[in-house]
2 protein chains.
Amino acid sequence: MNCPEHPHGHSHHAAGAGGRAALPELADQLRRKARKLTGARQAIFEILRRQLHPLSNKEIFAELPKGDCDLATVYRSLHLLEEMRMVKRFDLGDGIARYELLAEGDDGHHHHLVCTRCTAVIEIEECFPRELEQNIATRNGFTAITHKLEFFGICPRCQ
Amino acid sequence: MNCPEHPHGHSHHAAGAGGRAALPELADQLRRKARKLTGARQAIFEILRRQLHPLSNKEIFAELPKGDCDLATVYRSLHLLEEMRMVKRFDLGDGIARYELLAEGDDGHHHHLVCTRCTAVIEIEECFPRELEQNIATRNGFTAITHKLEFFGICPRCQ
DNA sequence: ACCGTGAATGCAAATCGTTTGCAATTAGCC
DNA sequence: GGCTAATTGCAAACGATTTGCATTCACGGT
């Protein structure tokens, strides 16, 4: 039905695709969970691998060789990948889920700087100070505390 | 933006909604914009005034004397209040908009600690360090930079 | 290579939060 | 009281996401 040959060898690794998981790892992780390595999943995985920003389901779907798979399958695949800790979901504040591929062992905890005009996204390494976070946790008796942090502004090009 | 620590993290709230706007101010602001002070708006406003956490449209609707107004009107009223800078919208990460009444002159910039089990919400005074934010802005050539920051964890009761 | 079986998919319909068109009401100024 | 623009209810429209179900497929065992 769908058989994602990848005729164009986009094998150039974008800067930043550095430690990202490669296909064999996907196959591996899937086998480990008794899930199947399907064409759709490979294709989606490859799209994420090539991309440097977080992608929405629709964006991924749009990049898929058309007719390759259903939008519902994209949604299902991303849920699976998320559950397998191979992608991380980001919420940029417009009710649209976006996903980024994770490097092996990466917990994916990082933040973004988003241009409110063109929606360009830059990865940010700064993080909310751990001690402050710990303060907040203990002061309020909370455990398992985490945070979401995103920055918004106007990028050089859009100014 | 500083506030004494609260042993169990209950957010500060004077009996009767600290510095929050009172009805006369609503009337005032509305008149200024040639908008009408309707029953629905008063009721919604009062509900927000009594509440200490962010409320969703549905929650507000549910607290309304039933039949008092339509859910669509709640949505419209909150948009209006937001546009008038009398409420602030918060996005806690589940695609549901929540609103908090603002004190006069308050820009509403603060953050929340949300229990992932019971969704209790506590207001947090800490903020992302301004110099770090400035760093990020200049380093990336961004202007008009802001951030969204929310904390998640498990509250004492739910542990 | 072939089978059996559970996993995965396509498709359409269903959900959920939210928005909108439109005709009927209503608040606020004269 | 009357006029008129603002507001509302209602139902339909929306966009993102999910799901039920019958069909198809991947893959470990043979």
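Throughout, protein chains are lettered first and strands after them, A, B, ... in sequence-line order, and every chain is numbered starting at 1. Every value quoted in this text rests on a predicted model; they were computed, and no experiment measured them.
Of the candidate nucleotides D/dT7, D/dA11, C/dT9, D/dT7 has the atom lying nearest to any side-chain atom of B/Thr38. Side chain of A/Thr73, nearest nucleotide from D/dT8, C/dT9, D/dG28: C/dT9. Out of D/dT8, C/dA8, C/dT18, the shortest distance to the side chain of A/Arg35 is found at C/dA8. In this structure, the nucleotide among D/dA26, C/dT26, D/dG9 sitting nearest to the side chain of B/Lys36 is C/dT26.
In this structure, CE of A/Met84 is placed 15 Å from P of C/dA7, rounded to the nearest angstrom. Distance B/Lys33 NZ to C/dG28 P: 17 Å, rounded to the nearest Å. Between B/Tyr99 atom OH and C/dG17 atom P the separation is 14 Å, expressed in whole Å. At whole-Å resolution of the value, CD in A/Glu82 and P in D/dT17 are 12 Å apart. One can place CG of B/Asp94 at 9 Å from P of C/dG17, the figure rounded to the nearest angstrom. As a whole-Å value, the separation of A/Arg31 CZ from D/dC27 P is 8 Å. Rounded to whole angstrom, the span from the CG atom of B/Leu80 across to the P atom of D/dA5 amounts to 19 Å. Residue A/Arg32 contributes atom CZ, which lies 17 Å from atom C1' of D/dC27 at whole-angstrom precision.
Other residues, nucleotides and ligands contribute more than 12 heavy atoms inside 6.0 Å of the CZ atom of B/Arg32. Atom CZ of A/Arg157 is surrounded by 12 or fewer heavy atoms from other residues, nucleotides or ligands within 6.0 Å.
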Could you go through nucleotides 13-16 of chain D and list every protein N or O atom that sits under 3.5 Å from one of its N or O atoms, giving the distance for each pair?
| unit_1 | atom_1 | unit_2 | atom_2 | d |
| --- | --- | --- | --- | --- |
| D/dA16 | OP2 | A/Lys58 | NZ | 2.1 |

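Axis angle, first five pairs versus last five pairs of the helix from C/dT15-D/dA16 to C/dC30-D/dG1: 20°, rounded to 10°.
Proximity of the aromatic rings of B/His147 and A/His112 is defined here by a centroid distance below 6.0 angstrom, and this criterion is not met. For B/His110 and B/Phe90, the ring centers are positioned less than 6.0 Å apart.
Side-chain heavy-atom separations under 4.5 angstrom define the hydrophobic clusters, and the remaining members of the one that includes B/Leu101 are B/Leu23, B/Leu26, B/Leu30, B/Leu37, B/Ile44, B/Phe45, B/Ile47, B/Leu48, B/Leu55, B/Ile60, B/Phe61, B/Leu64, B/Leu71, B/Val74, B/Tyr75, B/Leu78, B/Leu80, B/Leu81, B/Met84, B/Met86, B/Val87, B/Tyr99.
A salt bridge between A/Glu126 and B/Arg139 is present, with a side-chain N of the basic residue lying under 4.0 Å from a carboxylate O of the acidic one. A salt bridge between B/Arg89 and B/Glu100 is absent, with no side-chain N of the basic residue lying under 4.0 Å from a carboxylate O of the acidic one.
Annotation: the span from A/Arg117 atom CZ to A/Cys155 atom SG amounts to 9.0 Å, rounded to 0.5 Å. B/Glu133 contributes atom CD, which lies 7.0 Å from atom CZ of B/Phe128 (distance to the nearest 0.5 angstrom).
Residue A/Arg41 has no polar side-chain atom (N or O) positioned under 4.0 Å from OP1 or OP2 of C/dA7. The side chain of B/His79 contributes no N or O atom lying less than 4.0 Å from OP1 or OP2 of C/dT18.
Both B/Asp70 and A/Ala72 sit near DNA chain C, but only A/Ala72 has its closest nucleotide nearer the 5' end.
Across all strands shown, B/Asp68 has heavy atoms under 4.0 Å from sugar-phosphate atoms exclusively, and none from any base. Counting any heavy atom pair closer than 4.0 Å across all strands shown, A/Arg76 reaches a base atom.
Side-chain atoms of B/Glu150 and B/His111 form no donor-acceptor pair, as typed in the model, at a separation below 3.5 Å.
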